[in-house]
Every structure is written in C-alpha cells, then in structure tokens.
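So the structure is just underneath, and the comments pick up after that.
Within every chain, numbering begins at 1; the chains are lettered A, B, ... in the order of the sequence lines, protein sequences first and strands thereafter.
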There are 2 protein chains.
Amino acid sequence: MHTVCFNADLCVMTKFSALISGKWKPILLYLVQHGINRFNLMHGYMPTISKKVLTEQLRELEADGLLRREELKVKAPKVVVYHLTEKGASLRKLIDEIISWCMEHMKDEIPQDLLAIFRQSPPAFVHAQ
Amino acid sequence: MHTVCFNADLCVMTKFSALISGKWKPILLYLVQHGINRFNLMHGYMPTISKKVLTEQLRELEADGLLRREELKVKAPKVVVYHLTEKGASLRKLIDEIISWCMEHMKDEIPQDLLAIFRQSPPAFVHAQ
DNA sequence: ACAATAAGTTACCAAATGGTTACCTTTAAT
DNA sequence: ATTAAAGGTAACCATTTGGTAACTTATTGT
C-alpha cells in the first residue's frame, strides 16, 4: 500500500522550467550575456516582442534573481542597464549542456545551418536570422 | 547597423523547455523511469491530475519521442504500458545536472527535507510527500 | 514652445493550458 | 443479466500567457 504521491508545485524540475520557460527568456539571457543589455537595444534585436511583454519577462528574470536592473542616474531620457547576477551567469554552463543534448537528440527540428554553426563552435544558444 | 534578430520559435532552448515544461511531465518521466508505467498506476501516484490531462501529457511525451506507448494484447480490461525511449532515457543525465544546479542555486525555494535527501543520495528528482 | 528619446504603463483582447464531470468500450467474473 | 476494471473521450469552463495600440514622464536639443 503506497502513500507516496507527487505534487507538481514542489517538483524541482518544475521550478527550473519556470525559470527559463517564458517565451523570450532564453533569448533575453543570451542577449544580456553578450552585452546587449538596454531596453530599447534588446527590443531592436527582437522586434516582434511587445514592450509590455519585454518588461514582464525582464521583471520576472529579475524577481528570479537571474538579472539585476540598474537605473543609471543620468537626468533624462532615463537609461536602464541589465546585468546577469552570479546566479544568472552560473546558468550558462548548464544551458550549454542542454544545447548540446538538443543538438544530438533533436536534430530533426533544428535548422541545418544552426547545426553547422554549432559544430564549428559549440554553444550556439539561439538562432540568428 | 545590425540586422540580426531573434525568433523564439527557432530557439533551441525554447524547444527544450517545450519538451519538459508541461505541468506534470517531469514527474511522469520520473515515474516511468522507476517502473511506474501504467495509466491507473501513475494516476494513483498523482491523484490530483485529471485523466484528461494525464492522457494529454502522455500523448505529448510520446509525440516528442520520449515515451513509447504499448497496448498489451490481452483481451480486457485493456492494459497499456509506457516505456522510455532511448531519447527519453538519455535525458536522465541532463536532468540530474539540472537538479544539481537547482539544489545549489535555488536552496531557498526547496524544502529542507528534500535538500537533505539530495545530499545523501544525489539525484532526487521530485518531492515525495 | 515644441519635438524627440528611453523606458516604460494602461486597457483591452486572443490563444494556450489546465481542470471538472460525466460518459464510453471491451471482456471476465458473479 | 449485471457489474467491475483499465484506459480512456467529450463537452464545457477558468486561468495564465502573450499580444496590440495608445498613452506617459522627464529632460534635452532646436
């Protein structure tokens, strides 16, 4: 007679997915890792996201401790810079491993050119078009 | 003048989250990994999921090539067994690494008892209550 | 005085995701 | 003839997530 049962809200994997599973979060982390760290600059790289959603995703990454938001004290127009926290930076190795797994096991769903880029210089986080 | 822009639908990380981010998928993979591989047996371990949603999640895991569904040819009542595919099994090492990362970087959100279990025998996938 | 700029906010809408309850199908056991 | 058991479906509803378009605020340059 088992009494073990599972609760999705306490599942560690579920917590992890929540960290990175916003539609734009992986791409945002990638951009910030590469120095594209201001609101309108990010928006220029991903023009199909709305400002509302961009704000939301950034706020969530901040709330989850992956990014830090810094308002520079210039007068105006306001300048805001986003940085990776230590926790955010520590994700990178893990993300690289996830990508390697995908490149090996999801070949069919990944465009040929991206696979080729990946083979030349391993972690290609996102697809640039 | 940059012309690089990003598309969430082509992002490798986004594809990966889709694989495991259903509310019950990590737990289901865990159960199947541990031999709890029949419909009503799974349902008994996670009584708060509805049969409809359980079916949906299993069908998605199957469509994504992580599980294989097998109807045993007994007469009735119907018996169905789920197995990990090779791809599904290959996820395990990666999942262990994700969990290790979480145990290190999300300590605050993980119940003490689960942290203790993890320290004794590393990968504790989900919380048993 | 007026427009431009950075970084948003507001009100509203649509699609995706998850949930509830009742019902179905096939055969074996009573 | 009826009930039970395994593994589901069907019809419907609620919540969450993402999206659109217009507006805001503070200051600087013209």
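- Side-chain nitrogen and oxygen atoms of A/Gln57 include at least one within less than 4.0 Å of the OP1 or OP2 phosphate oxygen of D/dG18.
- Residue whose closest nucleotide on DNA chain D sits further toward the 5' end, between B/Asn40 and A/Trp24: B/Asn40.
- Distance NZ (B/Lys78) to C1' (D/dG7): 5 Å, rounded to an integer number of Å.
- Atom CD1 in B/Ile36 sits roughly 18 Å away from atom C1' in D/dA6 (whole-Å rounding).
- Remark: P of D/dC13 and NZ of B/Lys52 are 13 Å apart, rounded to the nearest angstrom.
- An OP1 or OP2 oxygen of D/dG7 is reached within less than 4.0 angstrom by no side-chain nitrogen or oxygen of B/Tyr82.
- Remark: the backbone N or O of A/Leu115 is not paired with any side-chain donor or acceptor of A/Lys107 at under 3.5 angstrom.
- Other residues, nucleotides and ligands contribute over 12 non-hydrogen atoms within 6.0 Å of the CD atom of B/Glu71.
- Using a 4.5 Å heavy-atom cutoff, the side chains of A/Lys25 and A/Glu60 are in contact.
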- Query: Would B/Cys11 and B/Phe6 count as a side chain to side chain contact (heavy atoms under 4.5 Å, CB included) if you check the C-alpha gap in whole Å, the side-chain angles of each, and the deciding distance to 0.1 Å?
  - Reply: CA-CA 8 Å; B/Cys11 173; B/Phe6 295 100; over 6 Å; no

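- Shown are B/Glu70, B/Arg68, B/Arg69; of these, the side-chain hydrogen bond (donor to acceptor under 3.5 Å, both in side chains) with B/His83 is made only by B/Glu70.
- At D/dG8, one or more side-chain N or O atoms of B/Arg69 fall inside 4.0 Å of OP1 or OP2 (strictly under the cut-off).
- Computed from coordinates, the A/Leu28 CG to D/dG18 P distance equals 11 Å when rounded to whole Å.
- Comparing A/Pro77 and A/Ser21 by the nucleotide of DNA chain D whose heavy atom lies nearest to each, the residue mapping closer to the 5' end is A/Ser21.
- Between B/Met103 atom CE and B/Ile117 atom CD1 the span is 8.5 Å, to the nearest 0.5 Å.
- The side chain of B/Thr55 sits closest to D/dG8 out of D/dG18, D/dA6, D/dG8.
- Distance, B/Glu56 CD to D/dA11 P: 14 Å, rounded to whole Å.
- Between B/Tyr30 and B/His34, the ring-plane angle classifies as tilted under the 30° and 60° cut-offs.
- Rounded to an integer number of Å, the gap from B/Asn37 CG to D/dA6 P is 14 Å.
- A nucleotide of DNA chain C counts as in contact with chain A when one of its atoms lies under 4.0 Å from a heavy atom; the first and last such, 5' to 3', are C/dT5 to C/dA11.
- Here D/dG7 presents its P atom at 11 Å from CG of B/Leu58, a figure rounded to the nearest Å.
- Backbone-only contact: B/Lys23 has heavy atoms under 4.0 Å from sugar-phosphate atoms and none from a base.
- One atom, CG of A/Leu54, and another, P of D/dG19, lie 11 Å apart when rounded to the nearest Å.
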